[in-house]
Amino acid sequence: MALSKISTSHTPSQTLKPNFYSKPCVPLQCYDARRSGVSLEQHRKLRISCSVAPNQVQAPVAPAVPSDTTSNRDCYGVFCTTYDLKADEKTKSWKSLIKIAVSGAAGMISNHLLFKLASGEVFGPDQPIALQLLGSERSLQALEGVAMELEDSLYPLLREVSIGINPYEVFQDCEWALLIGAKPRGPGMERAGLLDINGQIFAEQGKALNAVASRNVKVIVVGNPCNTNALICLKNAPNIPAKNFHALTRLDENRAKCQLALKAGVFYDKVSNMTIWGNHSTTQVPDFLNAKINGIPVKEVIKDTKWLETEFTERVQKRGGVLIQKWGRSSAASTAVSIVDAIRSLVTPTPEGDWFSTGVYTNGNPYGIAEDIVFSMPCRSKGDGDYELAKDVIIDDFLRERIKKSEAELLAEKRCVAHLTGEGNAFCDLPEDTMLPGEQ
Ligand code: LMR
């Protein structure tokens with residue numbers, strides 16, 4: 001049965017008594033503390049969350065404050081349940097709980113992703129998790145619906161769900177931040193306008209992560225334009241290693257693998273070493289020079305170089321846009337799957353000889369790509385959440401020229417958001433022929 005609790009971000013013994021809080025959290029309804037009439041300081045400490053535990057009694061709905069709170073002040077109703085949950089965890093060979101913050105949590109991508117996270121398929125069957133969900137004022141009611149569905153799913157590994165609209169609260173102590181929420185480009189909106197609007201969101205979220213997240217939080221930026229949003233975010237979070245910020249290009253990698261598999265007539269698990277270089281935009285470079293099919297270089301399997309250079313490349317670059325035409329909205333399920341893949345690539349060792357693509361900070365890269373941007377490159381992980389750039393890649397003239405084009409686009413985007421990265425006045429001279437996958 002779903003239960004709700006109110007807890008501080010400190011220890012259980014500091015948990016607020018029910019009679020302290022004028023509007024206790026009722027089952028399946030969690031809300032932002034600011035709406036409850038508590039003082040600003042109390043508000044900063046409060047975190048409203050719902051814990052999910054199978055086979056538990058239902059939390060009281062009314063009266064809000066129990067008539068007899070004297071005999072059992074530290075342990076009443078749902079609070080006792082919370083402590084039982086902790087005791088319960090000790091009997092299992094589980095890892096300690098990790099906190100995962102998700103922005104845009106009421107959106108379509110999250111609606112696929114959250115249930116995958118809660119099921120254990122991302123972090124493993126021995127990894128309990130807390131989900132800290134960020135929405136907007138407008139989406140708060142939908143966010144409650146998401147929390148309700150999570151509760152009703154009775155996932156044993158999902159120990160807490162909290163929702164809110166203040167990133168400084170929602171990101172508290174998170175070890176993963178999956179930043180999905182961003183404004184889609186509206187009719188008549190210039191690309192520079194989108195960069196500015198979404199950039200402001202990511203500047204604020206970077207500041208919030210810097211203030212309250214775990215010092216080693218891993219951040220995956222999904223909201224577009226994700227490379228430059230990731231750059232803005234990391235620039236606003238100077239106390240978190242820049243290396244910890246990723247822009248999601250795993251969806252592009254997956255799309256490229258699928259197209260190569262189709263052409264070669266093999267199943268897509270036979271395609272490896274698939275790099276996406278550059279920006280998550282139509283300048284991205286799906287690298288068929290280093291990719292392999294059944295361990296053999298793609299160019300030795302698919303001998304049609306013209307197809308590789310034109311049709312294949314464009315199909316991957318424009319796949320997001322084609323999907324939008326079909327669906328009437330951006331890809332959601334496959335994006336969620338690729339977020340899962342991106343996380344799993346960081347928390348499980350990379351198979352020998354292979355690598356994966358992710359957009360990361362370019363400082364110190366061995367490929368000659370401009371420093372101080374977020375660029376998709378081939379990476380390997382030992383499974384500890386960290387990664388190293390793969391060095392055993394070859395770059396020919398075709399690849400170099402394409403990489404330069406994506407680099408130029410990202411440098412232009414960076415100039416366009418200088419006001420958000422602390423680098424002075426913005427100057428927007430974006431190349432006209434480059435777009436987000438969904439923009440064409
Ligand atoms: C995608 O690649 O599917 C999306 O990033 C497309 C978009 O522009 O929203």
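For the side chain to side chain donor-acceptor pair (under 3.5 Å) with R250, the lone residue among S345, S338, S357 that qualifies is S345.
V322 has its side chain out of reach of R315: every pair of non-hydrogen atoms, C-beta onward, lies at least 4.5 Å apart. Residues S110 and V146 fail the side-chain proximity criterion, which asks for heavy atoms closer than 4.5 Å. Between V285 and I276, every side-chain heavy-atom pair lies at or beyond the 4.5 Å cut-off.
Crowding of N425 atom CG: a count of heavy atoms from other residues, nucleotides or ligands under 6.0 Å not exceeding 12.
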- request: Go through the steps for S139 and S136 under the test side chain to side chain donor-acceptor pair (under 3.5 Å), then give the verdict.
  value: CA-CA 5 Å; S139 70; S136 61; 3.2 Å; yes
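One distance of note links CD1 of I109 with OG of S331; it measures 6.5 Å at 0.5 Å rounding. To the nearest 0.5 Å, the span separating NZ on K183 from CD1 on I201 amounts to 5.5 Å.
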With a cut-off of 3.5 Å and sequence neighbours excluded, list every side-chain donor-acceptor pair involving residues 227-234.
{"unit_1": "N227", "atom_1": "OD1", "unit_2": "H280", "atom_2": "N", "d": "3.0"}
{"unit_1": "N227", "atom_1": "ND2", "unit_2": "G278", "atom_2": "O", "d": "3.0"}
{"unit_1": "N227", "atom_1": "ND2", "unit_2": "V374", "atom_2": "O", "d": "2.9"}
{"unit_1": "T228", "atom_1": "OG1", "unit_2": "E413", "atom_2": "OE1", "d": "2.5"}
{"unit_1": "N229", "atom_1": "ND2", "unit_2": "G223", "atom_2": "O", "d": "2.8"}
{"unit_1": "N229", "atom_1": "ND2", "unit_2": "N224", "atom_2": "O", "d": "3.1"}
{"unit_1": "N229", "atom_1": "ND2", "unit_2": "P225", "atom_2": "O", "d": "3.4"}

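Between R344 and D341 no salt bridge is recorded (no basic side-chain N to carboxylate O distance below 4.0 Å). In summary, E407 and K404 engage in a salt bridge, as defined by a charged side-chain N under 4.0 Å from a carboxylate O. Contact check on E253 versus K257 returns a salt bridge, with a Lys/Arg side-chain nitrogen under 4.0 Å from an Asp/Glu carboxylate oxygen.
The aromatic ring centroids of F398 and F288 lie less than 6.0 Å from each other.
The cationic group of K243 lies under 6.0 Å from the six-membered ring centre of Y387 and within 45° of the ring axis, placing it in a cation-pi geometry.
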